[in-house]
Amino acid sequence: MIFNKRFLRFLLVFLGCFFFLYLGTIAWIGIAAPGKLYSPFVEKHLDYVSWIKHSLMAGTKFFLGIFGYDVISQPDFRVRIAGGKAVLIAMDCVGYGVYSFWIAYIVANPGRWIFKLSWILGGVLLLWFINVVRISLFLLAYNKGWPMPLGINHHTWFNIFAYVAIFCMMYFVEKKSKIFQSGNHAG
């Protein structure tokens, strides 16, 4: 009976948090874009999805710059290899679905908030980095005429790598959580 209550609590918190973050982000995108529920204040000061898009562009520019590519960021959320083709960082490219899943999983687990916050931040940063690598590789492939491996599009590749990373992180969260629960940790 205790297991069922714990699992039910986990499931309800996970689903509630996931849908709040995921659907809330979709709603926020709608509020920050001109249209029916548009808010100029939100667009100018609270548009965190655009902030993520800008960070992905900067990350792509930095990452490809390490390998000697000159990448230009354009104001319409496009990144371009100098003298080459550009790719658009669209709303689907942000990764808010995988971020929402990861954050909801951590929030739903028992534990201290400092433990949860460190895993949320570390996980979101890892997922963001995977996304930067994906966008960078896609920009290179698009410019060099390389086909997508196995004919699978870059969004699907991102989801595959992101969820593999999430499941690996889940393993370590559970392992670390059990160590803390048993009291067998140093410090």
Side-chain angles (χ1 to χ4, degrees), residues 14 17-35 42-44 46-106 118-173:
F14 173 81
C17 186
F18 175 79
F19 285 117
F20 174 78
L21 292 170
Y22 185 78
L23 296 176
T25 297
I26 292 171
W28 207 250
I29 290 168
I31 292 169
V42 169
E43 179 187 25
K44 186 173 182 179
L46 302 172
D47 184 7
Y48 66 90
V49 177
S50 289
W51 301 341
I52 296 170
K53 289 169 74 172
H54 281 293
S55 75
L56 291 168
M57 292 168 61
T60 299
K61 183 175 182 169
F62 177 78
F63 185 74
L64 286 177
I66 292 171
F67 300 100
Y69 290 95
D70 184 20
V71 175
I72 300 163
S73 297
Q74 297 177 301
D76 61 348
F77 297 108
R78 292 180 196 274
V79 286
R80 169 185 311 279
I81 291 180
K85 301 173 186 172
V87 296
L88 173 69
I89 311 297
M91 290 301 175
D92 292 345
C93 298
V94 172
Y96 57 86
V98 294
Y99 299 149
S100 298
F101 183 93
W102 175 246
I103 293 168
Y105 171 76
I106 294 298
S118 64
W119 276 101
I120 287 171
L121 291 175
V124 167
L125 283 173
L126 176 61
L127 295 169
W128 176 88
F129 178 73
I130 291 169
N131 206 359
V132 165
V133 171
R134 180 269 300 228
I135 293 166
S136 299
L137 291 173
F138 180 62
L139 181 59
L140 276 178
Y142 186 52
N143 276 273
K144 295 191 179 279
W146 299 337
M148 289 290 105
L150 306 175
I152 298 172
N153 77 40
H154 63 99
H155 285 284
T156 303
W157 278 116
F158 169 68
N159 284 328
I160 290 168
F161 280 97
Y163 280 105
V164 165
I166 286 173
F167 292 131
C168 289
M169 290 188 295
M170 290 167 80
Y171 169 79
F172 288 110
V173 166

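The figures here come from the full heavy-atom set of this structure, side chains too, leaving out hydrogens, waters and symmetry mates. Numbers here simply count residues along the sequence, with the first being 1.
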Practice problem: List the steps, then state whether side-chain contact (heavy atoms from CB on, under 4.5 Å) holds for V132 with F62. | Solution: CA-CA 10 Å; V132 165; F62 177 78; over 6 Å; no
Practice problem: For the pair I166 and F101, evaluate side-chain contact (heavy atoms from CB on, under 4.5 Å) and give the outcome as yes or no after the intermediate values. | Solution: CA-CA 9 Å; I166 286 173; F101 183 93; 3.7 Å; yes
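The aromatic rings of Y163 and F167 are tilted relative to each other, their planes meeting at an angle between 30° and 60°. Using the six-membered ring where Trp is involved, Y142 and F138 have ring planes that are parallel, under 30° apart on the 30 and 60° scheme.
Contact check for M170 versus Y105: side-chain heavy atoms found under the 4.5 Å cut-off. Inter-residue side-chain proximity for F158 and V98 is flagged as met; some heavy-atom pair is nearer than 4.5 Å. At a threshold of 4.5 Å between non-hydrogen side-chain atoms, the residues W102 and V173 count as touching. Residues V79 and Q74 are not in side-chain contact: their nearest non-hydrogen atoms beyond the backbone lie 4.5 Å or more apart. Residues L140 and Y69 are in side-chain contact: their nearest non-hydrogen atoms beyond the backbone lie under 4.5 Å apart. Counting heavy atoms from C-beta on, the side chains of F172 and W119 come closer than 4.5 Å. W28 is listed as a side-chain neighbour of L46, based on a closest heavy-atom distance under 4.5 Å. Using a 4.5 Å heavy-atom cutoff, the side chains of F63 and I135 are not in contact.
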Can you give me every donor-acceptor pair (side chain of residues 47-59, partner residue at least two apart or in another chain, under 3.5 Å) with its distance?
| from | atom 1 | to | atom 2 | distance (Å) |
| --- | --- | --- | --- | --- |
| D47 | OD1 | S50 | N | 3.3 |
| D47 | OD2 | S50 | OG | 2.5 |
| Y48 | OH | T25 | OG1 | 2.7 |
| K53 | NZ | I89 | O | 3.2 |
| S55 | OG | I52 | O | 2.7 |
| S55 | OG | W128 | NE1 | 2.9 |

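More than 12 non-hydrogen atoms from other residues, nucleotides or ligands lie less than 6.0 angstrom from CZ of F14. For CZ of F77, the number of neighbouring non-hydrogen atoms (other residues, nucleotides, ligands) closer than 6.0 Å is greater than 12.
R80 places a side-chain N or O within donor-acceptor distance of the main-chain N or O of G84, the cut-off being under 3.5 Å. In this structure a side-chain-to-backbone donor-acceptor pair under 3.5 Å is present from N131 to C93.
In plain terms, the two heavy atoms of A104 and C17 that are nearest each other are CA-SG, 3.7 Å. For the pair R78 and L88, the tightest heavy-atom approach, listed with the atom from each and the gap, is NH1-CB, 3.8 Å.
Rounding to the nearest 0.5 Å gives a distance of 7.0 Å between NZ of K61 and CG of D70. In this structure, D92 CG and H154 NE2 are separated by 9.5 Å, a value rounded to the nearest 0.5 Å. If you take CG on L137 and CE on M148, they are separated by 8.0 Å, rounding to the nearest 0.5 Å. Rounding to the nearest 0.5 Å gives a distance of 9.5 Å between CG of N143 and CG of L64. Once rounded to the nearest 0.5 Å, the distance linking CD1 of I160 with CD1 of I130 reads 12.0 Å. Rounded to the nearest 0.5 angstrom, I26 CD1 and F19 CZ are separated by 10.0 Å.
A donor-acceptor pair shorter than 3.5 Å cannot be found between the side chains of T156 and N159.
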